[in-house]
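What follows is one structure encoded as structure tokens, with my remarks underneath.
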There are 2 protein chains.
Amino acid sequence: MLSQTVEYALRAVVYLADQSPNARTTSQIAEATHVPPAYMSKVLQGLCRAKVLRSQRGIGGGMSLVNAPEELTILDVVNAVEPIGRIESCPLGLKVHGVHLCALHRRLDNALAAVEDAFRSTTLAEVLADPNPSVPLCDLPGRST
Amino acid sequence: MLSQTVEYALRAVVYLADQSPNARTTSQIAEATHVPPAYMSKVLQGLCRAKVLRSQRGIGGGMSLVNAPEELTILDVVNAVEPIGRIESCPLGLKVHGVHLCALHRRLDNALAAVEDAFRSTTLAEVLADPNPSVPLCDLPGRST
DNA sequence: TCCTAATTGGATATTGACATCCAATTTACC
DNA sequence: GGTAAATTGGATGTCAATATCCAATTAGGA
């Protein structure tokens, strides 16, 4: 349902939010998130193009968040990589349906809208602050690695 | 977000629910739903294997619903084709997370659960009975074709 | 039994998602 | 200016989703 690339992008952003405002290299991000480095590189490039991340080349460079974790939502990340494909008009191309979706597509789109809302209402800061015994990306209980 | 195959399957089932309990041929279904006939054939085969549809060969044969539209939910159809990939355990394979998802994956899975619930709570009969000016699959206002 | 209607399954083609590798480029620091 | 660190972009490979076509099979009806 959610693509692998979205999953990878979210891991990277969670990691960078935790390290914020410091920058981390692609290798560091890939290792921390257990994602193939070469592929993570492409994912990060996409997040840069979408202005979610900024990149800095050369020694001491790397990737960092453009906005503070409090200002960055899960939806921002998802949209940057692969937007929720909301159903805007009749997928069958039926003219008369136009803006008014039929009962089937109205219900499908409502479900997609609910996902969008859930993602829009959660910031990366909230994810990191969650009082959860399992810390994101971290193999040990507690913020140790 | 939802695959093309799921969309096609839902169109076919909506059409067959409207025609229920009569059978319709693959060609009729494909034409009514604006789906490539050869591909629709494969989609219908899958729905038969999942016991959502039954097939009858020979003259007068075709595809028909196994259950009444009142007993068939959108989720039944979605699950038959491509189940909602709920997040059961940590996608990173981190041992300590196990059943207890981290804050990130807990939120992602909650969104998926919401979609599942929405789909589970809607029957095909409800879709057909919806007082909506746009009739599913039908190019004209009102149940005419 | 024969003919026709209809599904079934296999083979095949195409496209995008996922993934890898490397040369080129940019940048910091000596 | 030179060197090492780091991203960038292009080329490439693999695989699953999408899509098409057809021979084989099943079944109804004259």
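Just the heavy atoms: all of them, side chains too, but no hydrogens, waters or symmetry mates, feed the values below. In what follows, chains carry the letters A, B, and so on, assigned in the order in which the sequence lines appear, proteins first and then strands, with residues in each chain numbered from 1. Since the structure is predicted, the reported quantities are computational estimates derived from the model, not experimental observations.
Between the C1' atom of D/dG9 and the CZ atom of A/Arg49 lies a distance of 9 Å, rounded to the nearest Å. Protein atom CZ of A/Arg24 is 11 Å distant from nucleotide atom P of D/dA6, rounded to whole Å. Per the geometry, CD belonging to B/Gln4 stands 13 Å off C1' belonging to C/dT15, to the nearest Å. One atom, CD1 of A/Ile59, and another, C1' of D/dT7, lie 13 Å apart when rounded to the nearest Å. One atom, CG of B/Leu2, and another, P of D/dT18, lie 11 Å apart when rounded to the nearest Å. One atom, CZ of A/Arg11, and another, C1' of C/dC18, lie 14 Å apart when rounded to the nearest Å.
Taking the charged nitrogens against the carboxylate oxygens, B/Arg120 and B/Asp76 have no contact shorter than 4.0 Å, which rules out a salt bridge. B/Asp130 and A/Arg107 are joined by a salt bridge, as a carboxylate oxygen and a charged side-chain nitrogen come within less than 4.0 angstrom of each other.
For the atom pair A/Met40 CE and A/Arg11 CZ, the distance stands at 7.5 Å (nearest 0.5 Å).
Side-chain contact of B/Tyr39 with B/Thr5: a donor-acceptor pair under 3.5 Å is present, judged by distance alone. Defined by atom type and a distance below 3.5 Å, a donor-acceptor pair is present between the side-chain atoms of A/Ser3 and A/Glu82.
Below the 3.5 angstrom threshold, one finds no donor paired with an acceptor across the side chain of B/Arg57 and the base of C/dT8.
For D/dA5, the OP1/OP2 oxygens have no side-chain nitrogen or oxygen of A/Gln56 closer than 4.0 Å. Dashed line: the shortest gap from a side-chain N or O of B/Thr26 to OP1 or OP2 of C/dT7 is under 4.0 Å.
When distances are taken from the side chain of A/Met63 to each of C/dA19, D/dT8, C/dT7, the shortest belongs to D/dT8. Closest contact between the side chain of A/Thr25 and the listed nucleotides C/dA19, D/dT7, D/dT26 involves D/dT7.
Side-chain contact between B/Leu124 and B/Thr73 is absent, with no heavy atoms from C-beta onward closer than 4.5 Å.
For the contact set between residues 38-48 of chain B and DNA chain D, defined by any heavy atom under 4.0 Å, the members are B/Ala38, B/Tyr39, B/Lys42.
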